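Please read the structure below before turning to the comments.
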Number of protein chains: 2
Amino acid sequence: MRDDQDLAAPVAARLQEGVDHEFDPALVERAREAVDSGDRETLRGLVVDLHEADLAALLEALDPQERPRLIELLGSDFDFTALTELDETVRVQILEALSVETVAQGVRDIDSDDAVYILEDLDDDDKQEILGQLPMPERAALQRSLDYPEESAGRRMQTEFIAVPPFWTVGQTLDYVGETEGLPETFFEVFVVDPTYRLTGSVPLDRLLRTKRMVKLSEVVTPDRHVVKATDDQEDVARVFERYNLISSPVVDDVGRLVGVMTIDDVVDVIQEEADEDLKALGGVAGDEELSDSVWAIAKSRFAWLLLNLIAANLASFVISLFEGELQKMVALAVLMPIVASQGGNAGTQTMTVAVRALATRELRGSNARRVVAREVLVGLFNGVAFAVIMAVVVFARFGLADLGAVIALAMIINLVAAALGGILVPLGLQKLKVDPAVASGPFVTTITDVVGFFAFLGIAALWFG
Amino acid sequence: MRDDQDLAAPVAARLQEGVDHEFDPALVERAREAVDSGDRETLRGLVVDLHEADLAALLEALDPQERPRLIELLGSDFDFTALTELDETVRVQILEALSVETVAQGVRDIDSDDAVYILEDLDDDDKQEILGQLPMPERAALQRSLDYPEESAGRRMQTEFIAVPPFWTVGQTLDYVGETEGLPETFFEVFVVDPTYRLTGSVPLDRLLRTKRMVKLSEVVTPDRHVVKATDDQEDVARVFERYNLISSPVVDDVGRLVGVMTIDDVVDVIQEEADEDLKALGGVAGDEELSDSVWAIAKSRFAWLLLNLIAANLASFVISLFEGELQKMVALAVLMPIVASQGGNAGTQTMTVAVRALATRELRGSNARRVVAREVLVGLFNGVAFAVIMAVVVFARFGLADLGAVIALAMIINLVAAALGGILVPLGLQKLKVDPAVASGPFVTTITDVVGFFAFLGIAALWFG
């Protein structure tokens, strides 16, 4: 053990340097050589002391066909938890290349929440084959977690926890915790349950340590205010953790029986994932697009959103074609019209971004929606007037036509108010229809601002000059 | 105590229902009446058992002038931690309305990291006046935290922690923890330090509980692999917590002396904040814009970004004006040109979104930038060809001109490749120049796609038909 640590120590030190955790290329090279030559001992020395996240980074730095070989070579020295740190694409590739026995052994050795995370992306057949290799209690626990809906607390919870009856004393509990084998690797509290395993509450370790040994748990247990149900959506669970600064929370089934515990590190991943999805969705990218995806997969997935936008753009183009006569008479209209549309598009995106984010964080709710809509419309009006004045001056300076300046000014005000309305009402409406506002708002909002922008500008021009 | 809990219990239950934590309007009404009539006991009964987050929500639901009154009325029963859960604007308003004595007493009673969070937004004068009211050890600890740079670990850390020498036994340590007054409210580990307070490592509580009492700490202590420096940026700290699934981490000064501890709940806030800032920045909204800001403040802050976009739009408009002759000859060009520009803008936004996010999460680095650029260009080329074909068909169907179809097809390919290049190179370039890519990329990318879109389409048309 000592030897391995000494070998690995400089590696750990190197990884610690700098915040971007770039790998020392020499480590990757040495690991690659060891994998290629089947040199188990050298490989073990290189990786045994690596954190699972660094082990995952090493795997990603290797060529795809080397990754499963590294795992098979290391055998039980490979910590399968590392697989949870990989992109889904890479993880599935590796799992499909590994033997069922290796995967079954690997998931047995790790926490149940990590095992579920690894198994849930596999085909049903593969999943069942792997589960079939596991002894009964583990198999049943994993199967139960997998039976909960995707992205539910039941999928993310750890089924290892410490549960004791309320009549135990603090001393008894401390002795039990100190002497029992097979307890979870890390834990922050003990749970108190009744004979039917219904949750009474929990006692954090620090409170346990600061209470006299003869005190009964029933006297120090606090009922958890925010108990997570196994069927709760992981995003809702994340909001509760965030709002109440929780470190861990018991998870109960439909009748209130303790079935697992969810910890903040899983929640951090959920928060990151959700923020990631919202951000990407607003930019027109699928939430699960990853840097390791193939060109073809990415092109395909982005195509759909662009196609929607193309339809919107053609609609705007149709609006323009209604005014061909005016455009022919006054080519300056063609020169200026994209400015009105683009300014509306950008203002609409600002409002939409704020609305989508506020809906995601639950800051925007039924109770304050009216106030926020009114505020956005006023902001649109203020900025509409500001840019109306600026563009009137610019157009007059450029074309010497005061009329045209007035037309663009009016159109600008109309479009910025329309942008504000669209930017807030579209996400609110989609939310009501149970459609994710982050995914679907963009094309609607830009359609509105393009159509209104072109129609207002060219329409007013037609009336004014026609 | 019992009485208060009973009174408050239904409130807590109501808050727990539903995931959006909407307030029972009746609670707000009753709290408001109690504040207005100065009925301290009723108010206390209503709020004493509320979680700090719910107390904050109640404060926000009240009118601005009622908020400080609630706090003064409750006196020492008001938990100042609640103020950390408020929007900055609301918090500062409340703090400015409170007496220096009230704030000084309030921050004394809470954890140091929360106290710093509350104090850091105040004017220097107010800050010093409040600190002046505090007894020496607290004052010095808060001052030291406030002396660290903004958004550093030193500002977010808690200065209360348990540090013991390596020659202590597990039993000694457990007794110390169990019997000493004034220890931090929650803790997950004890830190082991040498006589000069340099950090040796830490022992998690669960390991402490599972080790025999006579064992020396020096035998069970693990050196922390990832020690946070007080001057580290909070965003970098968040990445380390995320990557290594940490629950807490010691914070050391420049010479390695233990000065505090950072816990995951603070990190969750940082992660949320950073994700929030990136998402808003991409949408052209200031990172600190809050739902509680005034119309005027929001209009002003969004104006700047829209002005930048207006300049970009005028540049694009100038490009169009170079082709006035062609537009006059063929009005179909005016009808179609926004399609090319808009499709490029959307494709550029997709690439930019992915690039900005990957830079923020450190997934995109110097070592893989070349590969990602190549991938994006290929994706742009694929989709460019796809939309070229679609638009060629649409244009032929609409205008009966095969030539015009060919022109728009060519322009579409050029602009989607330009969009891919701009979408990835602009964020990478800004990052190199130490400018936040999330904030500044948007206007540059859309300028590129507008200018290239109009120039390619109208330019090719001029050559083809001219």
Side-chain angles (χ1 to χ4, degrees), chain A residues 12 19-20 22 51 53 177-178 186-187 205-206 209-210 225 236 242-245 264-265 268 271 275 279-280 283-285 291 295 298-299 302-303 306 309-310 313 316-317 320-321 324 327-328 331 334-335 338-339 342-343 346-347 349-350 353-354 357-358 362-363 365 375 378-379 382-383, chain B residues 12 19-20 22 51 53 177-178 186-187 205-206 209-210 225 236 242-245 264-265 268 271 275 279-280 283-285 291 295 298-299 302-303 306 309-310 313 316-317 320-321 324 327-328 331 334-335 338-339 342-343 346-347 349-350 353-354 357-358 362-363 365 375 378-379 382-383:
Chain A
V19 287
D20 59 353
E22 293 252 12
H51 185 277
V177 168
T186 346
F187 54 94
L205 287 194
D206 51 358
L209 281 177
R210 288 198 278 187
R225 265 199 225 196
D236 295 330
E242 251 184 286
R243 183 174 168 111
Y244 297 107
N245 298 323
I264 181 90
D265 52 322
V268 167
I271 292 174
L279 188 140
K280 284 181 178 160
V285 179
L291 230 47
V295 170
I298 291 176
R302 293 198 199 158
F303 176 84
L306 288 176
N309 274 291
L310 190 73
S317 158
I320 299 173
S321 71
E324 283 190 2
L327 287 166
Q328 204 119 41
V331 78
V335 172
I339 298 178
S342 138
Q343 203 67 357
N346 287 317
T349 301
Q350 288 182 325
T353 302
V354 171
R357 186 63 184 159
R362 315 275 196 270
E363 279 178 273
R365 295 175 297 252
R375 193 198 66 172
L378 271 178
V379 169
F382 280 16
N383 276 331
Chain B
V19 287
D20 61 352
E22 292 251 10
H51 185 278
V177 168
T186 346
F187 55 95
L205 286 194
D206 52 356
L209 280 177
R210 288 199 278 185
R225 266 199 225 192
D236 296 331
E242 252 184 285
R243 183 175 170 109
Y244 297 107
N245 299 325
I264 181 90
D265 52 322
V268 167
I271 292 174
L279 188 140
K280 284 182 179 160
V285 179
L291 229 49
V295 170
I298 291 176
R302 294 199 198 156
F303 176 84
L306 288 176
N309 275 292
L310 190 73
S317 159
I320 299 173
S321 72
E324 282 190 2
L327 287 167
Q328 204 118 42
V331 78
V335 172
I339 298 179
S342 139
Q343 203 66 357
N346 287 317
T349 301
Q350 287 181 325
T353 302
V354 171
R357 186 63 185 160
R362 316 275 195 271
E363 279 178 273
R365 294 176 297 253
R375 193 198 65 171
L378 272 178
V379 169
F382 280 16
N383 276 332

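In what follows, chains carry the letters A, B, and so on, assigned in the order in which the sequence lines appear, proteins first and then strands, with residues in each chain numbered from 1. From a predicted model like this one, the values you see are computed outputs, not experimental measurements.
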Separation between CD (B:Glu363) and CZ (B:Arg357), nearest 0.5 Å, reads 8.5 Å
Per-residue contact mode, A:Phe303 against chain B (heavy atom under 4.5 angstrom)
both
Among B:Val354, B:Val335, B:Leu205, B:Ile298, which residue forms the greatest number of heavy-atom pairs with chain A at distances under 4.5 Å?
B:Val335
Looking at every heavy atom in both B:Val295 and A:Phe382, which two are closest together, and how far apart are they?
CG1-CE2, 4.0 Å
Can you tell me how far CD of A:Gln350 sits from NZ of B:Lys280, rounded to the nearest 0.5 angstrom?
12.5 Å
For A:Val268, the side-chain contact (heavy atoms from CB on, under 4.5 Å) test, sequence neighbours excluded, returns A:Ile264, B:Glu242, B:Ile264, B:Val268, B:Ile271
Contact winner vs chain A - B:Asp265, B:Ile339, B:Leu378, B:Val285, heavy-atom pairs under 4.5 Å
B:Ile339
Using a cut-off of under 4.5 Å for heavy-atom pairs, which of B:Leu209, B:Val177, B:Leu310 has the most such pairs with chain A?
B:Leu310
Interchain contact, A:Ser317 with chain B, by part (heavy-atom threshold 4.5 Å)
both
Given that the side chain runs from C-beta out, which part of A:Asn383 has a heavy atom under 4.5 Å from chain B: side chain, backbone, both or neither?
side chain
Residue among A:Leu327, A:Ile320, A:Leu279, A:Thr353 with most heavy-atom pairs under 4.5 Å to chain B
A:Leu279
Heavy-atom nearest pair, B:Pro338 first then B:Ala334, reads CD-O, 3.4 Å
Most heavy-atom pairs under 4.5 Å with chain A, out of B:Ser321, B:Ala275, B:Ala316, belong to B:Ser321
Using 0.5 Å steps for rounding, measure from the CG atom of B:Asn309 to the OG1 atom of A:Thr349.
9.0 Å
